[in-house]
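See structure below.
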Amino acid sequence: MFKDQTGMFLNILKWFILSTIIGIIVGIADALFLTLLDASTASVSRVPLYFVGLPLVLWVTSLLARKVAAKHTDFSTDAAINKINAHKPVSLISTLKAFFLPIITITGGGSAGKEAPCADVGAGLASMLAAGLRLNAEDRRKLMICGVSAGFAGVFGVPISGAIFGLEVLWVGYIFYEVMFPAFVAGITAYQVTSYLGVEYVYHPITVIPVFTEGFFLKVLFAGIFFGLMSLLFIELMKFFRTVFRFISFKFSMFWRAFSGGVILVLIGLLVSPEYLGLGMDTTNDILHGAEPTFAMGSLFKMLTTAITFSAGGVGGIVTPIFFIGSQAGAVLSAFLEVDPRTMAALGVVAVLAGTTNAPLAASIMAIELFGPQIAPYAAVCCVISFLMTGQRSIFIKQKVSFSKNMDANPAELTKARHSMPVTRGSLIKLARHLIPQEEKPGKKKKTKVAHQQSQKPNITPQEVQEPVDRSPFAVFKHLFPNFREKEDNNKNNTNKNNPG
């Protein structure tokens with residue numbers, strides 16, 4: 001008994017030391033990155049129309065990312081998630097790319113975030129520390145998770161939700177409880193280090209929150225559905241533009257992919273507003289303080305600029321643009337629901353984050369850390385609804401979506417989903433495919449298992465196997481209603497069998 005307790009104590013001590021070390025290292029890296037980013041954006045923003053160089057910036061970023069040390073491509077959140085799930089390390093060159101390429105992208109006007117570089121660099125630094133300490137693959141993986149948690153916690157000043165985000169974002173349907181303690185220690189340490197080094201965080205305590213009533217709660221439910229649809233739209237737009245620009249790169253060249261994307265971004269900046277380019281944190285902060293959005297469709301413009309930036313070769317984070325999209329959408333929705341705009345903008349920030357990244361727990365706790373405890377119950381409801389609305393989709397391609405969000409699924413389907421670990425992300429058209437009649441082409445008959453077994457019997461003809469096809473206008477909705485006539489025929493047949501006379 002005492003031997004087991006001693007082993008547990010030594011294990012806790014071991015991970016306390018390791019997580020503290022990686023928290024300090026990542027905290028210093030976060031502070032350095034944020035300082036360089038602020039200095040570069042401040043100097044460039046003084047130049048009028050600085051974003052007109054985006055075609056060149058995206059091309060240079062693409063060259064540095066794909067042509068220089070071409071084998072080292074683990075400089076994105078997707079790559080970090082994939083490496084952690086595969087128990088593989090991240091190289092030093094990939095870590096350097098994750099540090100410098102986002103600065104180039106954001107400074108040039110690309111719509112990207114500042115959190116992913118810190119999280120990705122955290123994973124790379126943890127991987128190198130594990131290699132220096134000669135840790136095994138499992139311990140290296142745990143340390144890399146701590147690095148992601150520390151990076152996210154240090155960049156936004158959210159030590160608890162940042163730590164949970166690193167645990168929750170890897171594998172939907174499973175939280176790495178065995179890494180929870182070191183992730184908390186790493187996140188808190190990184191936050192303390194960045195604060196000590198002079199990094200300032202912006203908090204928005206929401207003081208005007210309506211008293212709980214049935215009507216207000218229904219508005220919160222509606223808001224959760226709305227933010228879930230916004231999350232779904234953002235995911236699909238990212239997927240669509242990724243496919244389009246991949247085709248341009250394959251059909252023409254990487255230069256034309258970057259050039260065409262950069263031209264579109266410049267046109268949006270000139271014809272609409274430059275506030276939808278770059279980091280966008282100033283606009284998000286203004287909205288959270290009660291300012292009105294410049295355009296009612298501001299969230300859609302930010303979706304477009306972000307999707308085009310990443311698809312055309314930009315590198316950076318996705319969470320900061322999500323904050324922009326959520327705050328804009330919430331401010332617009334507040335006028336329709338007649339709710340305080342600051343409250344609805346805060347709910348939009350965390351709800352869209354939960355829907356796009358499949359991290360409702362981290363997003364709910366982040367609402368408390370950023371906006372105060374009074375918003376907690378409403379934020380939790382919005383986050384969970386938005387999370388359910390996006391289904392098996394995610395803004396991160398490499399994220400393992402192993403949890404079936406269908407609450408009506410039977411236990412067998414849930415068990416199969418957990419064991420098979422599918423990564424299914426269908427398009428919007430697939431949502432309504434079962435409502436579209438699928439007529440069989442001539443010469444290609446669908447052969448079911450029952451028909452195949454019956455066709456093997458010599459005394460059954462093919463005419464008896466085939467079922468008549470209902471071609472009425474309402475055939476498409478036939479599966480939505482019970483077939484009472486068929487049940488009556490079955491009852492009559494059973495009655496005749498029981499009473500043959």
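Heavy atoms from other residues, nucleotides or ligands lying under 6.0 Å from CD of Glu138 number more than 12.
Side-chain contact between Leu64 and Trp59 is absent, with no heavy-atom pair separated by less than 4.5 Å. Lys302 has its side chain within reach of Thr305: a pair of non-hydrogen atoms, C-beta onward, lies under 4.5 Å apart. With a 4.5 Å cut-off on side-chain heavy atoms, Phe234 and Val352 do not count as touching. At a threshold of 4.5 Å between non-hydrogen side-chain atoms, the residues Ile145 and Leu170 count as touching.
The closest donor-acceptor contact from the side chain of Ser311 to the backbone of Arg242 lies under 3.5 Å. Without hydrogens or angle criteria, Ser127 side chain to Pro89 main chain gives no donor-acceptor distance under 3.5 Å. A distance-only check finds a donor-acceptor pair linking the side chain of Ser386 to the backbone of Ala351 [under 3.5 Å]. Without hydrogens or angle criteria, Thr61 side chain to Val57 main chain gives a donor-acceptor distance under 3.5 Å. Not one N or O on the side chain of Gln399 forms a donor-acceptor pair closer than 3.5 Å with the backbone of Trp171. Panel note: side chain Lys97, backbone Ala65; a donor-acceptor pair is recorded below 3.5 Å. Within the 3.5 Å criterion, the main-chain N or O of Met281 finds a donor-acceptor partner in the side chain of Asn285. With hydrogens and angles ignored, the 3.5 Å screen pairs a side-chain donor or acceptor of Ser334 with a backbone N or O of Ala331.
The aromatic ring centres of Phe156 and Tyr201 sit 6.0 Å or more apart.
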Test log, rule side-chain hydrogen bond (donor to acceptor under 3.5 Å, both in side chains), inputs Thr309 and Thr306 | CA-CA 5 Å; Thr309 297; Thr306 305; over 6 Å; no
Let me see the working for Gln328 and Phe324 under side chain to side chain contact (heavy atoms under 4.5 Å, CB included), right down to the final yes or no.
-> CA-CA 6 Å; Gln328 293 267 334; Phe324 189 108; 3.6 Å; yes
Decide side chain to side chain contact (heavy atoms under 4.5 Å, CB included) for Phe75 and Asp120; before the verdict, give the C-alpha distance in whole Å, the side-chain angles of both, and the deciding distance to 0.1 Å.
-> CA-CA 6 Å; Phe75 48 81; Asp120 303 339; over 6 Å; no
Pair Lys83-Arg141, side chain to side chain contact (heavy atoms under 4.5 Å, CB included): steps then yes or no | CA-CA 9 Å; Lys83 288 293 185 180; Arg141 184 195 193 200; over 6 Å; no
Verdict with reasoning, Phe227 to Leu333, per side chain to side chain contact (heavy atoms under 4.5 Å, CB included) | CA-CA 10 Å; Phe227 294 135; Leu333 183 64; 4.2 Å; yes
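Put simply, the residue from Thr95, Val90, Ile25, Leu133 that forms a side-chain contact (heavy atoms from CB on, under 4.5 Å) with Met128 is Thr95.
Closest heavy-atom contact between Ala150 and Ala190: O-CB, 3.4 Å. Across all non-hydrogen atoms, the minimal contact from Val266 to Phe51 is CG2-O, 3.4 Å.
Classified by interplanar angle (parallel below 30°, tilted 30° to 60°, perpendicular above 60°), the ring pair Phe295/Tyr276 is tilted.
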